[in-house]
Participant: 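Sharing a structure with you now.
Every heavy atom of this structure was used, including side-chain atoms; hydrogens, water molecules and symmetry mates were not. Lettering follows sequence order; numbering is per chain, from 1.
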Protein chains: 4
Amino acid sequence: MEPKFLALEQEKQDRILNAAMKEFAQNGYKNTSTNNIVKQAGISKGLLFHYFTNKRELYLTLYDYFVELFLKEMQQKVDWEDKDIFSRHRQIAALKIKLFHQYEHIFNFLNAAMSENSREVKSELDSRKEKFINHNYREMLQDIDKSKFKEGLDVSKIIEIISWSMEGFAYKQQAKFKGLSINEMDLEETLQELDGYIEVLKYSFYK
Amino acid sequence: MEPKFLALEQEKQDRILNAAMKEFAQNGYKNTSTNNIVKQAGISKGLLFHYFTNKRELYLTLYDYFVELFLKEMQQKVDWEDKDIFSRHRQIAALKIKLFHQYEHIFNFLNAAMSENSREVKSELDSRKEKFINHNYREMLQDIDKSKFKEGLDVSKIIEIISWSMEGFAYKQQAKFKGLSINEMDLEETLQELDGYIEVLKYSFYK
Amino acid sequence: MEPKFLALEQEKQDRILNAAMKEFAQNGYKNTSTNNIVKQAGISKGLLFHYFTNKRELYLTLYDYFVELFLKEMQQKVDWEDKDIFSRHRQIAALKIKLFHQYEHIFNFLNAAMSENSREVKSELDSRKEKFINHNYREMLQDIDKSKFKEGLDVSKIIEIISWSMEGFAYKQQAKFKGLSINEMDLEETLQELDGYIEVLKYSFYK
Amino acid sequence: MEPKFLALEQEKQDRILNAAMKEFAQNGYKNTSTNNIVKQAGISKGLLFHYFTNKRELYLTLYDYFVELFLKEMQQKVDWEDKDIFSRHRQIAALKIKLFHQYEHIFNFLNAAMSENSREVKSELDSRKEKFINHNYREMLQDIDKSKFKEGLDVSKIIEIISWSMEGFAYKQQAKFKGLSINEMDLEETLQELDGYIEVLKYSFYK
DNA sequence: CATGAATGAGGGTTCATTCAT
DNA sequence: GATGAATGAACCCTCATTCAT
């Protein structure tokens with residue numbers, strides 16, 4: 001994050017961050033107009049470019065900031081001593097829900113970034129995604145207790161299948177919540193539904 | 001598809017279709033320049049608009065055409081008498097690989113369309129996706145033989161998990177193949193890898 | 001008129017003439033699309049340009065044709081032996097009404113041409129208008145019986161005032177008829193109204 | 001007029017106004033290129049659209065501005081206590097000449113607008129014209145001293161004839177001045193010529 | 001630090017005109 | 001003669017970015 005920007009009062013920072021995040025999440029990179037961002041953030045055109053040199057920098061900075069925020073929270077809030085894969089996934093899900101309460105558009109933005117196709121940011125984004133997945137995300141699921149799985153199963157495949165299931169579930173929830181304001185979403189129920197899937201997976205893969 | 005366009009010699013049709021599909025897949029709707037499409041297709045600017053009223057129409061027409069092509073192939077090439085869910089998924093995967101040989105960018109394009117969020121096409125796309133998923137895709141996985149699953153499992157959840165796994169696998173393959181030309185991809189190997197995952201799932205979910 | 005065009009069967013000629021005249025009258029030169037003309041005339045794009053080389057030629061040819069038609073009719077149908085200026089104006093008005101029955105759009109077209117502003121035809125049109133007004137139209141009102149006017153009046157000014165009144169009246173009628181089909185216009189009544197104005201003018205200017 | 005535009009220094013405002021007015025007057029709505037306007041006004045393409053949403057808005061704004069200017073001047077500069085119809089027409093003519101000195105193209109533009117028939121602005125223009133003519137222009141000639149007219153004349157017809165004569169005269173002058181720069185026009189002489197026609201009309205219609 | 005007027009390259013689209021069939 | 005697919009220059013308009021104030 002640009003140091004100039006960080007010197008700003010917190011409230012103004014958040015106004016800009018949220019405005020940009022929301023616009024990028026809803027419209028994608030190219031279709032987001034810096035005009036709309038500044039209008040929504042209540043700042044002048046010039047100021048945005050004073051802090052972020054250009055639109056690309058703004059987008060990438062935003063991406064980095066929230067990826068890092070997510071990872072930092074993971075490090076701090078997840079109990080890494082607990083080696084049970086399902087327990088870990090469940091903690092991550094709970095964490096996501098908490099973050100979602102803080103930054104309503106964070107996952108819409110991050111997911112949109114995952115499938116962002118605009119020339120201007122695609123390659124840079126791809127390399128960061130790779131780094132993110134290889135260095136951070138993957139290891140989170142490596143030091144788990146593999147002794148709990150049934151014999152005769154390819155454990156690494158099982159781990160992948162569980163991840164895919166978690167992602168599939170998250171995606172399904174997002175589709176269900178599309179268009180709703182955060183108050184209208186019953187996130188408690190979501191966790192309970194998740195437990196249903198975890199139960200099935202546990203029953204099938206665990207001894 | 002516009003009748004004027006269909007009257008064209010097949011080779012030119014394909015040149016235009018492929019050029020448009022590739023550009024849209026790589027850059028998204030908004031960032032794709034019709035300039036690049038016509039340059040790559042080797043036709044004049046005016047001709048593109050002679051066939052397709054405007055950029056939006058071109059995009060949507062392309063989407064409809066390839067969705068329909070996919071569904072038609074599904075109807076014809078998949079053995080719907082075979083009620084085994086894994087067998088069915090495997091047949092669909094094989095079909096996708098075949099289509100991929102014909103139209104290199106078809107799934108990149110279709111996937112990009114799934115997460116396209118340009119104002120201009122989003123709502124139209126959303127309604128078509130809904131129709132597609134509800135009327136066609138869903139029922140394909142409904143009339144399967146549920147007696148094969150282990151007792152005590154929530155079958156509908158299992159079916160979802162299997163789908164998510166198939167999607168996760170496909171996504172992983174795509175990431176692996178990104179940047180490669182079609183000749184460099186070992187699609188035979190892909191099917192064998194898929195069989196590995198299917199084996200795990202079968203072992204876990206079937207009696 | 002192009003000889004090629006004149007060789008065409010009368011009915012097709014008229015179809016093209018009327019279609020072009022209507023479009024030009026309604027939309028002006030620039031805003032008229034040759035596409036609409038050919039569609040309305042029921043001929044192909046190429047054929048129009050086979051007869052008229054380009055849009056400009058078509059417009060100017062149309063203009064010349066109907067100006068000439070108008071002048072020819074004037075020569076033939078008006079009784080030039082009658083030297084009374086009001087009688088002459090009245091005859092011209094009646095003639096216009098007759099022509100209007102034949103070619104519904106003729107005066108809309110000709111009037112639109114009078115105030116056509118498009119670069120492409122303006123200068124050419126201006127020179128033709130000048131010719132038209134100086135050589136043909138003016139003299140029509142020169143050999144009239146000036147002995148009927150009251151003494152002490154500048155006769156040439158009176159003649160102008162009468163012309164302007166006739167034009168003003170015609171313009172007022174057109175505004176009244178705008179949007180109506182020819183069947184809905186009571187042209188008989190129009191002539192009677194004209195007589196009202198002529199009476200006033202006669203009373204004021206004649207001995 | 002857009003507030004942004006009004007905040008501009010007067011000189012630049014006028015440069016843009018005059019450039020646009022001249023182009024529209026000479027070429028009509030459709031044939032006028034915003035490229036030419038900005039070139040002539042010495043501003044960038046983007047700036048024009050910074051002030052006026054689009055070409056249509058520019059045209060209509062221009063029209064409204066100068067119609068209003070004209071009407072305001074009428075209200076203020078014409079002596080409405082003087083009920084003599086010729087005196088009033090003469091005052092209006094003098095006012096027009098004064099405005100013409102300020103904005104060389106104002107009447108060419110306004111007249112061109114009267115017979116503009118581009119789809120894009122026609123309907124809007126028509127409704128404004130109607131308002132203009134009915135509410136403002138008409139009443140200006142209603143409260144005149146009718147006792148001065150000779151007995152036995154249809155006064156309302158006389159009033160129309162006088163208006164048509166004034167319009168005819170104005171049109172004739174315009175044709176005479178076409179192509180001349182404002183310095184080359186002897187506007188003093190024009191007023192004297194007008195007096196000649198007024199004299200004739202007075203002699204004929206007044207007691 | 002903060003503003004928003006100003007820029008201009010680039011985009012989508014139209015349409016008169018050509019020409020192979 | 002007759003067709004309409006094909007062309008490309010020109011159009012209106014957008015928007016990230018700059019810079020004088």
Participant: Sub-3.5 Å donor-acceptor pair from the side chain of C:S118 to the main-chain atoms of C:V121, do we have one?
Facilitator: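 No; zero donor-acceptor contacts below 3.5 Å.
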Participant: For the side chain of A:S44, counting heavy atoms from C-beta on, which of E:dG4, F:dA2, E:dA5 is nearest?
Facilitator: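 That would be E:dG4.
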Participant: If you assign each of B:G42 and C:Y51 to its closest nucleotide in DNA chain F, which residue comes earlier from the 5' end?
Facilitator: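 Checking each residue's closest nucleotide, the 5'-ward one belongs to C:Y51.
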Participant: Just name whichever nucleotide pairs with F:dA16, Watson-Crick or G-U, keeping both distances under 3.5 Å, else none.
Facilitator: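 Check on F:dA16: paired to E:dT7, both distances under 3.5 Å.
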Participant: Quickly work out the C:L58 CG to E:dC15 P distance and round it to whole Å.
Facilitator: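 Going from C:L58 (CG) to E:dC15 (P), I get 16 Å.
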Participant: Could you say whether A:E9 or D:L48 is positioned toward the 5' end of DNA chain E, judged by the nucleotide with the nearest heavy atom to each?
Facilitator: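 The residue mapped nearer the 5' terminus is A:E9.
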Participant: What verdict does the ring-ring contact (aromatic ring centres under 6.0 Å, His included) test give for A:F109 and A:Y59, after you've listed the backbone C-alpha separation in whole Å, the side-chain angles of each residue and the deciding distance to 0.1 Å?
Facilitator: CA-CA 10 Å; A:F109 171 70; A:Y59 186 87; 5.6 Å; yes
Participant: For the side chain to side chain contact (heavy atoms under 4.5 Å, CB included) test, which of A:T61, A:L17, A:L58 pairs with A:F5?
Facilitator: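 It is A:L17; the other options fail the test.
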Participant: Separation of B:F52 atom CZ from E:dT14 atom P, in whole Å?
Facilitator: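 In whole Å, E:dT14 P and B:F52 CZ are 15 Å from each other.
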Participant: Please produce a list of atom pairs where a protein N or O lies less than 3.5 Å from an N or O of nucleotides 14-18 of chain F.
Facilitator:
residue : atom : partner : partner atom : Å
F:dA16  : OP1  : A:T32   : O            : 3.1
F:dA16  : OP1  : A:K55   : NZ           : 3.1
F:dA16  : OP2  : A:T34   : N            : 3.0
F:dA16  : OP2  : A:T34   : OG1          : 2.6
F:dT17  : OP2  : A:K55   : N            : 2.7
F:dT17  : O4   : A:K45   : NZ           : 2.9

Participant: Starting at atom NZ of C:K12, determine the distance to atom C1' of F:dT3, rounded to an integer number of angstrom.
Facilitator: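 Taking atom C1' of F:dT3 as the reference, NZ of C:K12 is at 11 Å.
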Participant: Give a yes or no on whether a salt bridge exists between D:K30 and D:E120, defined as a side-chain N under 4.0 angstrom from a carboxylate O.
Facilitator: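 Yes, D:K30 and D:E120 are salt-bridged.
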Participant: Looking only at heavy atoms, what is the nearest atom pair of B:Q40 and B:K22, with distance?
Facilitator: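 For B:Q40 versus B:K22, the nearest heavy atoms are OE1-CD, 3.3 Å.
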Participant: In whole Å, what is the span from the CD1 atom of D:I43 to the C1' atom of E:dT7?
Facilitator: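 So the CD1-C1' distance, D:I43 to E:dT7, works out to 11 Å.
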Participant: How many whole angstroms separate atom NZ of C:K39 from atom C1' of F:dT3?
Facilitator: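 From C:K39 NZ to F:dT3 C1': 16 Å.
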Participant: Name the residue from B:I37, B:N35, B:N31 that meets the side chain to side chain contact (heavy atoms under 4.5 Å, CB included) definition with B:S33.
Facilitator: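 The option that passes is B:N35.
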Participant: Does a side-chain N or O of C:K4 approach OP1 or OP2 of F:dA2 to a distance below 4.0 Å, or not?
Facilitator: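 Negative; the distance criterion is not met.
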Participant: Now, which nucleotide makes the Watson-Crick or G-U wobble pair with F:dT21, with each of the two distances under 3.5 Å?
Facilitator: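 When the pairing criteria are applied, E:dA2 turns out to be the nucleotide that pairs with F:dT21.
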Participant: Atom CD1 of B:I37 to atom C1' of E:dG12: distance rounded to whole Å?
Facilitator: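 Distance, rounded to whole Å: 11 Å.
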Participant: If I take atom CD in residue B:E23 and atom C1' in nucleotide E:dG12, what distance separates them, rounded to the nearest angstrom?
Facilitator: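 Answer to the nearest Å: 15 Å.
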Participant: Distance check needed: E:dC15 P versus C:Y59 OH, whole Å only.
Facilitator: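 My rounded result for the distance is 18 Å.
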Participant: Is the phosphate of E:dC1 approached by A:H50 (side-chain N or O, under 4.0 Å from OP1 or OP2)?
Facilitator: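 Looking at the OP1 and OP2 atoms of E:dC1, one of them is under 4.0 Å from a side-chain N or O of A:H50.
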Participant: Within 45° of the six-membered ring axis of B:Y29 and under 6.0 Å from that ring's centre, is NZ or CZ of B:K55 located there?
Facilitator: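 The answer is yes; both the distance and angle limits are met.
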